[in-house]
Structure formats: structure tokens, C-alpha cells
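As the structure lists them, so they are numbered: ligands from 1, and atoms in each ligand from 1. The basis for the numbers below is simple: all heavy atoms, side chains too, and nothing from hydrogens, waters or symmetry mates.
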Amino acid sequence: MGGSQVEDSDDWELTGPSSGVTTMVLVGRTGNGKSATGNSILGRSAFKSRHSSSAVTLTCDLQHAVMNDGRVINVVDTPGLFDPAVSPDFLGKEIVKCIDLAKNGVHGVLLVLSVRNRFTSEEAAALESLQMLFGDKIVNYMVIVFTGGDELEDNEETLEDYLAGCPPELQALLIQCNRRMVLFNNKTKSETEKASQRNELLKHVDFVLAENGGQPYSNELFREAQVRSEKFFNQKKDIDSLMGYSKEELQSLQLEMKKAYAEQLKQLTEMVEEKLRITTEKLEERLASEQSAREQAEEEARLAQKKSDEEIRRLQERLQQAHEETENLKKQMSKCVIL
Ligand SMILES: Nc1nc2c(ncn2[C@@H]2O[C@H](COP(=O)(O)OP(=O)(O)OP(=O)(O)O)[C@@H](O)[C@H]2O)c(=O)[nH]1
Ligand SMILES: [Mg+2]
């Protein structure tokens, strides 16, 4: 299925308003293994994943698989959306695309981290942007996927060993997510290992869903996209069932419907861009206030140092003075003894 085409009839069946499927969105820094993880979950090479110094996934894409038990899994792969190099324009459009693909709500947000890369403060900031844009509640749906399970195994390390030395930002994140995490080896050829890591992940996602009253994650952006899509879906059905119209008339109706859809998409993009602008502003404000607090602390430390330097100088002077006085006294005493 060509996952990203909204006009694709297969997509409409799988992401259409009444479908009951599990939708998971992969997020995380470029190169952390999002696409490889998507492929492991789906059990096929659905997304392009390879070693490259530049970003491999350039746009959001939805792919699906039917599990052995009949369960339908949707996976939305994304580029490194909140990477520092991403322009706000691109980010806005890709987020709208992602929302559009997952408009029935998200059952699991899979934050992909790699045990091969250190968790950076940039990654922590990216996560903060995600929370600001979609609301804090999104953390309730988050499961952390650590890729590179094979490399830990080669070093005879467990995930717990690895986490023992991880930065405080990551420790805090793990607590926020109630330690919902799973280690993935995307290189494994073992079918048993593939099934076991996938089942562990799905167990977390099902648990998250149960914890959230069976309701997938949604916010006003998703609701907006859903209302729009339902309207489009119904219009499409109406046009498909029209009788007595010529082929040209039907084509022109379809064209109008698509135009209206594009217009609504534009409105949603504007909504997202506005939210992003506010998010960026808030982050900048916070960074600026942190910077000024840091500068103030540095200034206070500098003054304290200056004060202590002066104190030391004064003490040294007093010591010198006392030393001189003692020497003088000694001299006077020796004169007295001679006399
Ligand atoms: N050894 C090992 N390598 C992995 C694992 N998962 C992913 N990789 C490798 O990591 C590299 C990046 O993987 P991708 O799946 O392309 O990463 P991505 O997050 O989708 O990257 P972008 O699409 O650029 O955002 C590839 O060379 C993968 O083969 C893993 O579990 N073990
Ligand atoms: Mg990718």
C-alpha cells in the first residue's frame, strides 16, 4: 500500500474513521533507527533504512501489517522532525502530514533512542517541543525503544547496565514514562527474537491504552483532522454513489472536493504553524531566562571569589605585619639583652 496517499482507497480502509487498528508513530533523532524499528515491527522492509551521514527518511509515511492473530498494525515513520537543522516550514508541513496519517488517534508514541549514541540535551529539547506542541498527555502514550540490542549483547551489557550511566535528562524521561521501554535488535535474523521484542512492545502499547481508558491519544489538532477527514470520506462516498452524471461532471465534482480538502489542509497547517511559533517562543524565553540565571550565578560566584581573594590578601598583609612586628620585637629584645 502506498501509505502516504490520502486518496489511496486502501489507506482509507485502514485509517478511515471507523477502523479499529493499532497506530504507532515513530519519533526520534535522525539515525537512531526509527525506520529499522518500523521494519522490525511490521516484519518486512517497509521503510528505507540504511547507514548514511545524512537523513534517510525525508517525509512521514504510513505502512501497515496484519499480524498472525489478525491484528492490524499501522506504523507511521517520520524524519528527525525536531532535529536542530529542520526548518520551521518543513516541520509544520510534516507534522500536518503525520497528523493526517494518524488522524484516528495514536495508540503508541514510540520514542526511538539508540544505545550507540549518547542521549543529548538537544534530544531532551526536541522532546520538550513535542510535548509543548501536542500537550503533556502525550507522555502517557510514550514507549521508549532502544535500538542496538545486538551491540549491547556483543559488549555483554544489559539495558540496565547501560542505563546506570545515562545522563540525568534520560533518567527523568524514563521516570516520566513509568519506565516503559523495550530493547530492539533490528539486525537479528532470529524469528523468535523478532517476535519476542515485537510482543513486548505491543504489550506496553496495550497497557498504555488500557491505562488511558481505551482511548487513543488525540488533541485538538487530531480532532480537527478527523472531522475534516470524515467530511471528505462522506463526500467521496456520496460522489461515488451518484447516478445519472456524466464522467466529466463526476470528475469536476471530485476536483472541487479535492480543492476543498487542500484548502482545509492549509488551514490545519496554519494552526500547526501558529502552535509551533508559540512553542518556539516559549522555548526561547525559557532558554533566555535560564541563560540569565546562569549569568547571574556566574557573576555571584565571581564576586564571591573576588571577596575571598581580597580576604586572603588582607590576611596575608596582616600576617606579614605580624611577622615584621615579631622581628622588630626580637631585635629590640636582643638589644636589651646586650645592654
Ligand atoms: N547494529 C544495529 N544497527 C541498527 C539497529 N537499528 C538501526 N540500526 C542502524 O542504524 C542506522 C540508521 O537506521 P535508520 O533506521 O535509517 O534510522 P532513522 O532513525 O530512520 O534515520 P532517518 O531516517 O535518517 O531519520 C542504519 O545503519 C541501521 O542499520 C540495531 O538495532 N542494531
Ligand atoms: Mg528513517
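Partners of R277 according to the salt bridge (charged side-chain N to carboxylate O under 4.0 Å, His left out) rule, which considers only residues two or more places apart in sequence or in another chain, are E274, E281. For F184, there are no ring-ring contact (aromatic ring centres under 6.0 Å, His included) partners two or more places apart in sequence or in a different chain. Partners of E324 under the salt bridge (charged side-chain N to carboxylate O under 4.0 Å, His left out) rule, at least two apart in sequence or in another chain, do not exist in this structure.
Looking at R116 next to ligand 1, an N or O pair under 3.5 Å apart turns up. Close N/O approach between T78 and ligand 1 is not found [any backbone or side-chain N/O within under 3.5 Å]. Ligand 1 has a nitrogen or oxygen under 3.5 angstrom from a nitrogen or oxygen of D150. The distance criterion of under 3.5 Å between nitrogen or oxygen atoms is met by G33 with respect to ligand 1. For the pair N186 and ligand 1, the shortest N or O to N or O distance falls below 3.5 Å. Between S49 and ligand 1, a contact under 3.5 Å exists for at least one N or O pair.
When all heavy atoms of L42 and F47 are compared, the closest pair comes out as CD1-CE1, 3.8 Å. Here the closest heavy-atom approach between residue C60 and residue K97 is recorded as O-NZ, 3.3 Å.
Note that OG of S292 and CD of E298 are 11.0 Å apart. Values are rounded to the nearest 0.5 Å.
Taking a 6.0 Å sphere around CZ of R118, one finds it holds 12 or fewer heavy atoms contributed by other residues, nucleotides or ligands.
T59 and E94 are linked by a side-chain donor-acceptor pair at a separation below 3.5 angstrom, with hydrogens and angles left out of the test. Looking only at atom types and distance, the side chain of Q291 has a donor-acceptor partner in the side chain of R294 under 3.5 Å away. Side-chain polar atoms of S196 and N199 form no donor-acceptor pair below 3.5 angstrom.
Contacts between F184 and ligand 1, counted as non-hydrogen atom pairs separated by less than 4.0 Å, involve the backbone only.
Listed by number with element, the atoms of ligand 1 under 4.0 Å from a non-hydrogen atom of N185 are 31 (O). Against a heavy-atom cut-off of under 4.0 Å, R29 is close to the following atoms of ligand 1: 19 (O). Numbered from 1 in the order shown, with element, the atoms of ligand 1 that lie under 4.0 Å from a heavy atom of A36 read 6 (N), 7 (C), 15 (O). Each of the following atoms of ligand 1 lies closer than 4.0 Å to a heavy atom of G148: 30 (C), 31 (O), 32 (N).
Here the protein contributes S35 OG, T57 OG1 as N, O or S atoms under 2.8 Å from the Mg ion (ligand 2).
Paired with S40 under the rule side-chain hydrogen bond (donor to acceptor under 3.5 Å, both in side chains), one option of T147, N186, N185 passes, and it is N186.
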